[in-house]
Amino acid sequence: MDKIRIIGGNPLNGEIIISGAKNAALPLMIASLLSEENLILENIPSLADVRQLKLILQNHGCEIEELASKDNNSGMKISFNNRNINNICAPYELVAKMRASFWVIGPLLARMGEARVSLPGGCAIGTRPVDFFLDGLRQLGAQIEIRDGYVLAKAPKGGLIGNRVRFPKISVGATHTIMMAAVLANGTTIIENAAKEPEVADLANCLVKMGAKISGINTHILTIEGVDKLSGTTHKTLPDRIESGTYLMAAAMSGGEILLKNTNSKYLETPINILRQNGVQISEEKDTIRIKANGAGLRPIDIETEEFPGFPTDLQAQYMALMTRSAGIAKIKETIFENRFMHVAELARFGANIKVKGQVATVYGVPILHGAQVMATDLRASVSLVIAALAARGETIISRIYHLDRGFERLEEKLTNCGAQVERIK
Ligand code: EPZ
């Protein structure tokens, strides 16, 4: 299995082009199941999760064609055609590898009237149940049964029926799924307590281009008037705010000056505000963010993860890495997932001093981290180890980096171009 070797201590200087957002690309690709016509998606990142979802869509009969992109910096341009959906089953072998594949249940049910989708199971960051999805689909008239680890969902004879769906807690995946189910339902659906993450808005905007009637985009209440059919369209995936935030934290940790291109600071207001309080300089323009940092003596600032526009849980591990070298004590509270502190034990291998009690990690800043042999545990946890390694003295070897390949496109190349010493060992 591949490993990553990093020699720490170099400041980061240069430019990084931000990729399209993984967490927008995945639901957009799934939305292609809603139409018989071509959905052409631009700025799709080349990632393991995207490749996995292609397999899942192909299993349903989707025809996928990679088209020539305008340039190397605008991601992949891919056409998805679901004229002939010939299989409404998403099997365990495919769904177990990536939780987001469960979301196909929404469009399959809406368009085909039934779906058989494997339950995704738990994952490293928590139990992550699907009760909101199933309750929401029931509200739209679906009959749901769970048998042999699969959800069997059936729409009423005339199709799903619009209704009021209220989530007990904000869920990105349940919002994506119920929205995709409701666009082809009969009548109006109102989703209350909907997620308003930028990726949800990106999906909603794409669906509107396909002919869906959705209002309340970017708010916690989505109103969806069902239509008979959706058409094809071309849509550009929004930039990855988590990748952007990760490189901002890497630069804050290592020092130096980097310019992020093809990004958008409006999706990162809270983390940018925290980084400024930590003592780094950040300036924003239309689609760029510049960060200048001297890499030492950052002010510790407490954070709590929250739904958008709060501090994203997907940047919590990276921020913890940053705080390991702060000039004091920072408290980090994880409120979205119940088990998202697996990076703590690995960060300790660099010499970090972190105590966890329940959902709160207290990070006592130390002056120096030392390179170590560490193991990636989940996607964002893995990149927190990269951030620590970039600032640590000496050599770090990170194993199990397939987690990184799920969500960070050309990570070594992007960091190496900024002066970091990072190499992949095959
Ligand atoms: C999405 O996961 C993202 N994944 C996650 O990113 C992200 O961390 C998360 O949203 C929160 O922002 C993708 O977009 C592919 P949720 P999702 O449903 O939709 C509970 C990454 O690293 N819940 O918003 O699965 C759930 O257990 C990944 O890129 C229920 O209880 O997250 C959690 O505590 C990791 N029942 C909370 O809601 C349900 O039916 C929020 O989860 C659904 C969710």
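All ligand and atom numbering here is 1-based and tracks the order in the structure.
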Original post:
Relative to each other, are the rings of F408 and Y247 parallel, tilted or perpendicular (30° and 60° limits)?
Top reply: perpendicular
Can you list the atoms of ligand 1 that are under 4.0 Å from a heavy atom of [X]?
X    : value
L379 : 22 (O), 29 (O)
R380 : 21 (C), 22 (O), 29 (O)
R340 : 8 (O), 22 (O), 35 (C)
V130 : 40 (O)
K22  : 21 (C), 29 (O)
W103 : 13 (C), 14 (O), 15 (C), 19 (O)
I336 : 33 (C), 34 (O), 37 (C), 41 (C)
F133 : 40 (O), 43 (C)

Just by distance, no angles: are the side chains of [X] and [Y] close enough, under 3.5 Å, to form a donor-acceptor pair?
X    : Y    : result
E409 : S46  : no
N82  : S32  : yes
S19  : K414 : yes

Subject >> Close N or O approach (E338, ligand 1; < 3.5 Å) >> reply: no
Original post:
E197 to ligand 1: N or O pair under 3.5 Å?
Top reply: no
Original post:
Any heavy atom of F102 sitting closer than 4.0 Å to ligand 1?
Top reply: no
**OP:** For P129 and ligand 1, answer yes if some heavy atom of the residue is under 4.0 Å from a ligand atom, otherwise no.
**Re:** yes
Subject >> ring-ring contact (aromatic ring centres under 6.0 Å, His included) partners of Y319, counting only residues at least two apart >> reply: F311
Subject >> Closest to atom 37 (C) of ligand 1 (judged by heavy-atom distance), picking from Q316, K169, E307 >> reply: K169
Subject >> Option set L26, V172, T305, criterion heavy-atom distance to atom 1 (C) of ligand 1, minimum >> reply: V172
Original post:
If you measure from SG on C206 to CG on D202, what distance do you get to the nearest 0.5 Å?
Top reply: 7.5 Å
Subject >> More than 12 heavy atoms from other groups under 6.0 Å of CZ on R400 >> reply: no
**OP:** Mind checking whether A174 contacts ligand 1 via backbone (N, CA, C, O), side chain (CB onward), both or neither, at a 4.0 Å heavy-atom cut-off?
**Re:** neither
Original post:
Any donor and acceptor pair, going by atom type alone, linking the side chain of Q373 with main-chain N or O of I397 inside 3.5 Å?
Top reply: no
Original post:
Which salt bridge (Lys or Arg N to Asp or Glu O under 4.0 Å) pairs, counting each pair once, include a residue from residues 102-120, with sequence neighbours left out?
Top reply: none
**OP:** Identify whether the distance between the nearest side-chain nitrogen and carboxylate oxygen of R276 and E284 falls below 4.0 Å.
**Re:** yes
